[in-house]
Structures are given as structure tokens and as C-alpha cells.
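See structure below.
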Amino acid sequence: MSIRIAIILGSTRPGRVGEGVAQWVHAMASRRNDAEYELVDIKDFNLPLLDEPAPPSRGQYSKEHTKRWAAKIASFDGFVFVAPEYNHGISGALKNAIDFLYKEWNNKAAGFVSYGSAGGTRAVESLRLVMGELQVADVRAQVILSLATDFENFSKFKPTPGHEKALDAMLGQVVAWSGALHGVRQPESVAA
Ligand SMILES: Cc1cc2nc3c(=O)[nH]c(=O)nc-3n(C[C@H](O)[C@H](O)[C@H](O)COP(=O)(O)O)c2cc1C
């Protein structure tokens, strides 16, 4: 079984610094041979503010953009969220993209790469609560990037040494838990 991990770029802002971060995560992850890694840019899905009439937990998706987003997320076993901190939380775009779906997230694993003026840790703490509701197992290891020290002029991503080790540790945990949860995702063993 090949494990598939999505690296989800959580900023859609013009001029976003998250793109460089997500590309770095993808390049580092692609050197490993434990999983297939794909960069998923939520901007490419042109999701409006949640416009589905039925709650996502029912899986009755009516819009083409939702079906496309659902098919993409369903194809993965685990996730790495590249998350900026906006007002001590995650970006509205990322929360909206998460809210669109339900079962496509369930019984999978997730890790986090956060960034911001204060490393984005507060955003990830709140994202961990969201993961709990979606039945996503969030790993402990985390990559925390500071706009002051890991970006030139607070914009061009240039990580200080040490983050590669943290990234490897996090990816190892995500892959391990993604594989372990595979059995839980079999239709006969997943509770409604
Ligand atoms: C709306 C908004 C709110 C922000 N709030 C915070 C914050 O609460 N804490 C923080 O450390 N940085 C904050 N920042 C700084 C961002 O983390 C920084 O601009 C980062 O580059 C955003 O990621 P992006 O460029 O990929 O969109 C905020 C930025 C924006 C645009």
C-alpha cells in the first residue's frame, strides 16, 4: 500500500509567503521514500464561502467545486497543513476549505508547519481542536517558522538550519499514523 500525503497550502493571499514554505516542505518530503507527497493549493479549487445547503457530514455535495475538492482530499491518507497565523487563528480560507468536507478527513493523520510573526503556534493550537471534531489524528512534532528569522525581509523564505530535522520528525509521525489508521478507514470498521 502506498501512503499518500497532501501538503495543503493554507494561504490564498496575493503575495503569500506560504507558497515558498509549502514548496520547501514538498521538496524535502519528496526526498523520502516512505510516501507519495503532493502539494495541494486550496487557491486552485476556487472555493467560495461555504455554499452547500446540506451539512458536510451528510456527504450530499451539490456543487462542482465541492465534488472536486472532496475527490482530491479523499485520495489522501494524511495531511500536512502549511498554516499561517491570522489574528491568533488559521486563515479564513483554510478554515472554509476544511469546513466544506467531513468524511474525506475522517480517520486520517495530520501534521503542521506553521509560520507567522510569532511562529504560528496559536493558529495550530486552534487547528488541533478542529482536527478533533473531524476525527483527524494530529501528531505532536511540528515545524514552527518565524517571519523574523526564517524569512528575508519578512517575505522570502530562507529557513534557519534545524527546521529540516523537525520536518523529518513530523513527516515520520504523519506517515506512521496515516498507515496505522488505514484499517480504521475500511467501510466495515468505521462508525457512522
Ligand atoms: C489578517 C492577518 C492577520 C495576522 N495576524 C497575525 C497574528 O495574529 N499573529 C502573527 O504572528 N502573525 C499574524 N499575521 C502575520 C502573518 O502571519 C504573515 O503576514 C504571514 O506572511 C501570512 O502568511 P501568508 O503570507 O502566507 O498569507 C497576520 C497577517 C494577516 C494578513
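In this chain, numbering begins with 1 at the start of the sequence shown. Every heavy atom of this structure was used, including side-chain atoms; hydrogens, water molecules and symmetry mates were not. When a ligand or atom number is given, it counts from 1 through the structure's own listing order.
In the hydrophobic clustering of this structure, L167 does not group with I144; members are Ile, Leu, Val, Met, Phe, Trp, Tyr whose side-chain heavy atoms approach within less than 4.5 Å, directly or through other members.
Under 4.0 angstrom from ligand 1, the non-hydrogen atoms of R122 all belong to its side chain. Contacts of S11 with ligand 1, taken as heavy-atom pairs under 4.0 Å, involve the side chain alone. Both the backbone and the side chain of R16 come within contact range of ligand 1, each with a heavy atom under 4.0 Å. By the criterion of a heavy-atom distance under 4.0 Å, neither the backbone nor the side chain of V21 is placed next to ligand 1.
Between the side chain of R122 and the backbone N or O of I90 there is no donor-acceptor pair closer than 3.5 Å.
The aromatic rings of F151 and F157 are tilted relative to each other, their planes meeting at an angle between 30° and 60°. Between F79 and F76, the ring planes lie perpendicular to each other; the angle is over 60°, past the 30° to 60° tilted range.
Given atom 5 (N) of ligand 1, the protein heavy atom at minimum distance is N87 N, 2.7 Å. At the top of the distance list for atom 23 (O) of ligand 1, counting protein heavy atoms only, stands Y115 CE1, 3.1 Å. Annotation: atom 21 (O) of ligand 1 to nearest protein heavy atom, V17 CG2, 3.4 Å. Of the protein's non-hydrogen atoms, the one nearest atom 30 (C) of ligand 1 is Y86 CD1, 3.7 Å. Of all protein heavy atoms, the one closest to atom 18 (C) of ligand 1 is L147 CD1, 3.5 Å.
Heavy atoms of F151 come nearer than 4.0 angstrom to ligand 1 in no pair at all.
E52 pairs by the side chain to side chain contact (heavy atoms under 4.5 Å, CB included) definition with L50, Y61, S62, K63, T66, F100, not counting sequence neighbours.
The heavy atom nearest to atom 25 (O) of ligand 1, out of those in E19, H88, E85, R13, is found in R13.
Salt-bridge annotation for R16 and D41: present, with a side-chain N of the basic residue lying under 4.0 Å from a carboxylate O of the acidic one.
Of the N or O atoms in G119, none lie within a sub-3.5 Å distance of an N or O in ligand 1.
Near G18, the atoms of ligand 1 lying under 4.0 angstrom from a non-hydrogen atom of the residue are 26 (O). The ligand atoms of ligand 1 that sit less than 4.0 angstrom from a heavy atom of P84 are 22 (C), 23 (O).
In this structure, R32 fails the cation-pi test against Y37, since its NZ or CZ atom is not both closer than 6.0 Å to the six-membered ring centre and inside 45 degrees of the ring normal.
Around the NZ atom of K67, the shell of radius 6.0 Å holds more than 12 heavy atoms that belong to other residues, nucleotides or ligands.
For the pair H65 and P48, the minimum side-chain heavy-atom distance is below 4.5 Å.
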